[in-house]
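The first residue of the sequence shown is numbered 1, and numbering continues consecutively from there.
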Amino acid sequence: MTLGLPSHLAPQSINRSYAKAIHAVGFSSLIGSLLATFAFQAASPDDVLWPAMIALLPMLALLWLDDRRRSSFYAASYLIVGAACVYWYILTFYSQTDPIVSSDAFSIALSKIALVMVGGVGRGVSVRIAWCVAGYAAAEIASTLAILRSGQRYEFDATTLLTVAATVGILSLAHLSRRRSRLSQPLLYRAARDEQLAAMRYRIELKAAALMHDTVLSHLAAIAGAAPGTPIGSLRDPIERDLQILIGEEWLSDESPEVDSRSRTDWQQSGLFAAIQESRAMGIDIESTGDLSAVSRLDREASTALGLAVKQCLVNVLRHSGTDRAEVAVYGSEAEVSVMVIDSGRGFSEADAGADRLGLRNSVRRRIESVGGAVQVWSTPGRGTSIMIRVPAVRPSLVEGGS
């Protein structure tokens with residue numbers, strides 16, 4: 001089971017989606033203005049409205065550039081040039097007869113709405129609202145000057161103001177929704193981690209229960225079924241041997257005794273074993289659990305990368321978590337080997353990690369990705385951190401062929 005942030009929820013993707021949506025409204029408003037101007041011109045051939053259509057063309061070009069390049073320069077250029085275009089557009093209409101102005105005020109306001117939909121660049125809802133308000137201010141100033149220049153009576157434009165209010169409201173609601181989603185994500189991550197750990201421990205417990213049934217209970221049954229006065233010293237050696245199996249780790253592997261011996265040797269020579277030993281020497285109390293012999297399913301490159309990545313995780317525990325205790329849980333399948341490094345320290349937010357916290361990005365994530373693996377981080381400030389590292393395993397046929 002994997003759980004991570006979908007790629008479309010990343011901050012850059014959200015900003016891009018926001019700009020695309022805003023610019024789509026802007027394009028629609030400009031095209032609507034062109035069609036309305038053409039319709040007015042067709043209905044009133046004596047009026048001179050073609051300058052208004054020409055005034056909209058620079059706005060369309062700059063809005064297209066702003067949508068493609070998404071830079072402050074093009075956004076500011078769109079506002080400045082667009083304000084001049086709105087001035088010329090409205091001046092052209094207000095210089096004509098009154099019926100054109102009074103019959104369809106919404107069509108005339110479309111050019112101003114297009115200027116409000118500048119989109120702009122930057123992260124954060126306040127920056128987006130600032131661009132929207134700047135577009136509204138530029139449109140209002142340009143339209144007011146055009147109306148005064150034409151000698152017509154100024155009338156308040158409620159349509160554009162309502163558009164601004166609706167845009168600001170939508171942006172604010174989207175921001176609150178994202179914030180609540182981010183607050184709930186750590187709980188989802190922890191639930192996913194707990195579910196994965198529970199499944200891992202359940203499989204281990206099934207093996208332990210089977211082994212208990214096959215060893216201890218069988219010995220107890222033999223003792224209980226022995227005739228009174230029968231010496232049971234002959235059972236001591238098998239009982240001690242099975243006790244050592246229970247205390248040790250061999251029972252975690254499904255392999256035959258011959259392969260199990262080789263796997264244990266591979267475990268002690270693996271990069272993961274070396275990482276745990278070196279971290280213990282640095283003063284970290286590490287509890288290693290799970291199918292430790294699963295590392296025998298890795299090739300040399302993957303084993304080395306896994307060991308170095310886990311060592312960096314344990315170093316981070318010592319440096320940043322505020323605790324000197326950690327758990328390293330291992331589970332292997334035919335397809336991959338999974339290692340989870342768990343601590344109950346202070347936790348952190350990976351997105352807010354400082355520039356000096358390069359260990360997780362470079363020494364862990366990129367190193368594992370270089371061998372075809374994946375890394376997931378579940379961390380909540382004040383509640384600890386869990387890092388899941390998954391590395392592809394070598395197919396059994398390849399292991400046998402290379403041995």
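- Heavy atoms only, all atoms of each residue included: Y89 and S111 are closest at CD2-OG, 3.4 Å.
- The CZ atom of R128 sits 13.0 Å away from atom CD1 of I170, with the distance rounded to the nearest 0.5 Å.
- Annotation for S95 and L91: closest pair OG-O, 2.6 Å, computed over non-hydrogen atoms.
- Shown here are the side-chain contact (heavy atoms from CB on, under 4.5 Å) partners of L65, two or more places apart in sequence or in another chain: L62, Y74.
- Here salt bridge (Lys or Arg N to Asp or Glu O under 4.0 Å) pairs that include residues 271-282, with residues two or more places apart or in two chains, are E278-K311.
- Scanning all heavy atoms of the two residues, the minimum distance from S321 to D343 falls at CB-OD1, 3.7 Å.
- With sequence neighbours left out, L162 forms a side-chain contact (heavy atoms from CB on, under 4.5 Å) with no residue at all.
- Going from atom CG of L292 over to atom CG of L272 covers 7.5 Å, rounded to the nearest 0.5 Å.
- We find the SG-CD1 distance between C313 and I342 to be 11.5 Å, quoted to the nearest 0.5 Å.
- Side-chain atoms of T160 do not come within 3.5 Å of backbone N or O of D157 as any donor-acceptor pair.
- For the atom pair CD1 of I389 and OG of S338, the computed distance is 10.0 Å after rounding to the nearest 0.5 Å.
- A search for side-chain contact (heavy atoms from CB on, under 4.5 Å) contacts involving L34 returns M53, L56, L60, not counting sequence neighbours.
- Every residue two or more places apart in sequence or in another chain that forms a side-chain contact (heavy atoms from CB on, under 4.5 Å) with L314 is listed here: S279, I284, I286, V310, A326, V328, V341.
- Considering only residues two or more places apart in sequence or on other chains, S33 meets the side-chain hydrogen bond (donor to acceptor under 3.5 Å, both in side chains) condition with none of them.
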Inset, instruction - Report the C-alpha separation of R149 and Y87 in whole Å, then their side-chain angles, then the decisive distance to 0.1 Å, and conclude whether the side chain to side chain contact (heavy atoms under 4.5 Å, CB included) test is met. - result: CA-CA 10 Å; R149 176 67 183 274; Y87 171 83; 3.5 Å; yes
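- In terms of modelled atom types and a separation under 3.5 Å, the side chain of Q376 and the main chain of M388 share no donor-acceptor contact.
- For the side-chain hydrogen bond (donor to acceptor under 3.5 Å, both in side chains) test, residues two or more places apart in sequence or in another chain that qualify with R325 are D285.
- When the shell of 6.0 Å around CD of Q277 is examined, it contains more than 12 heavy atoms from other residues, nucleotides or ligands.
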Inset, instruction - Go through D66 and H23 one step at a time and tell me if the side chain to side chain contact (heavy atoms under 4.5 Å, CB included) criterion holds. - result: CA-CA 9 Å; D66 186 29; H23 291 160; 3.3 Å; yes
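- Donor-acceptor pairing under 3.5 Å is lacking for the side chains of T163 and Y136.
- Pairs engaging residues 22-36 under the salt bridge (Lys or Arg N to Asp or Glu O under 4.0 Å) rule: none recorded [sequence neighbours left out].
- Scanning for ring-ring contact (aromatic ring centres under 6.0 Å, His included) contacts around F273 gives W267, with sequence neighbours left out.
- Applying the side-chain hydrogen bond (donor to acceptor under 3.5 Å, both in side chains) rule to D324 yields no partners; only residues at least two apart in sequence or on another chain are considered.
- E287 pairs by the side-chain hydrogen bond (donor to acceptor under 3.5 Å, both in side chains) definition with nothing, not counting sequence neighbours.
- Atom OG1 of T167 sits about 9.0 Å away from atom CD1 of I113, to the nearest 0.5 Å.
- Side chain of T144 to backbone of I141: no donor-acceptor contact under 3.5 angstrom is found.
- A 4.5 Å side-chain heavy-atom check between K20 and D67 finds at least one atom pair inside the cut-off.
- Taking all atoms of both residues into account, the shortest heavy-atom contact from A142 to A83 is CB-O, 3.2 Å.
- Taking the side chain as every heavy atom from C-beta outward, V394 and R297 never approach each other to under 4.5 Å.
- The shortest non-hydrogen separation linking A305 to R367 is O-CD, 3.5 Å.
- Using modelled atom types, no side-chain atom of D47 and backbone atom of L49 make a donor-acceptor pair closer than 3.5 Å.
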Inset, instruction - Please step through side chain to side chain contact (heavy atoms under 4.5 Å, CB included) for the pair R390 and V339, ending with a clear verdict. - result: CA-CA 6 Å; R390 295 181 290 113; V339 176; over 6 Å; no
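- The distance from atom CG of L115 to atom CG of L110, rounded to the nearest 0.5 Å, is 13.0 Å.
- Residues S303 and G271 come closest through the heavy atom pair OG-N, 3.4 Å.
- Note on residues 133-142: pairs passing salt bridge (Lys or Arg N to Asp or Glu O under 4.0 Å), not counting sequence neighbours, are K112-E140.
- The shortest side-chain heavy-atom distance between T385 and W378 does not fall under the 4.5 Å cut-off.
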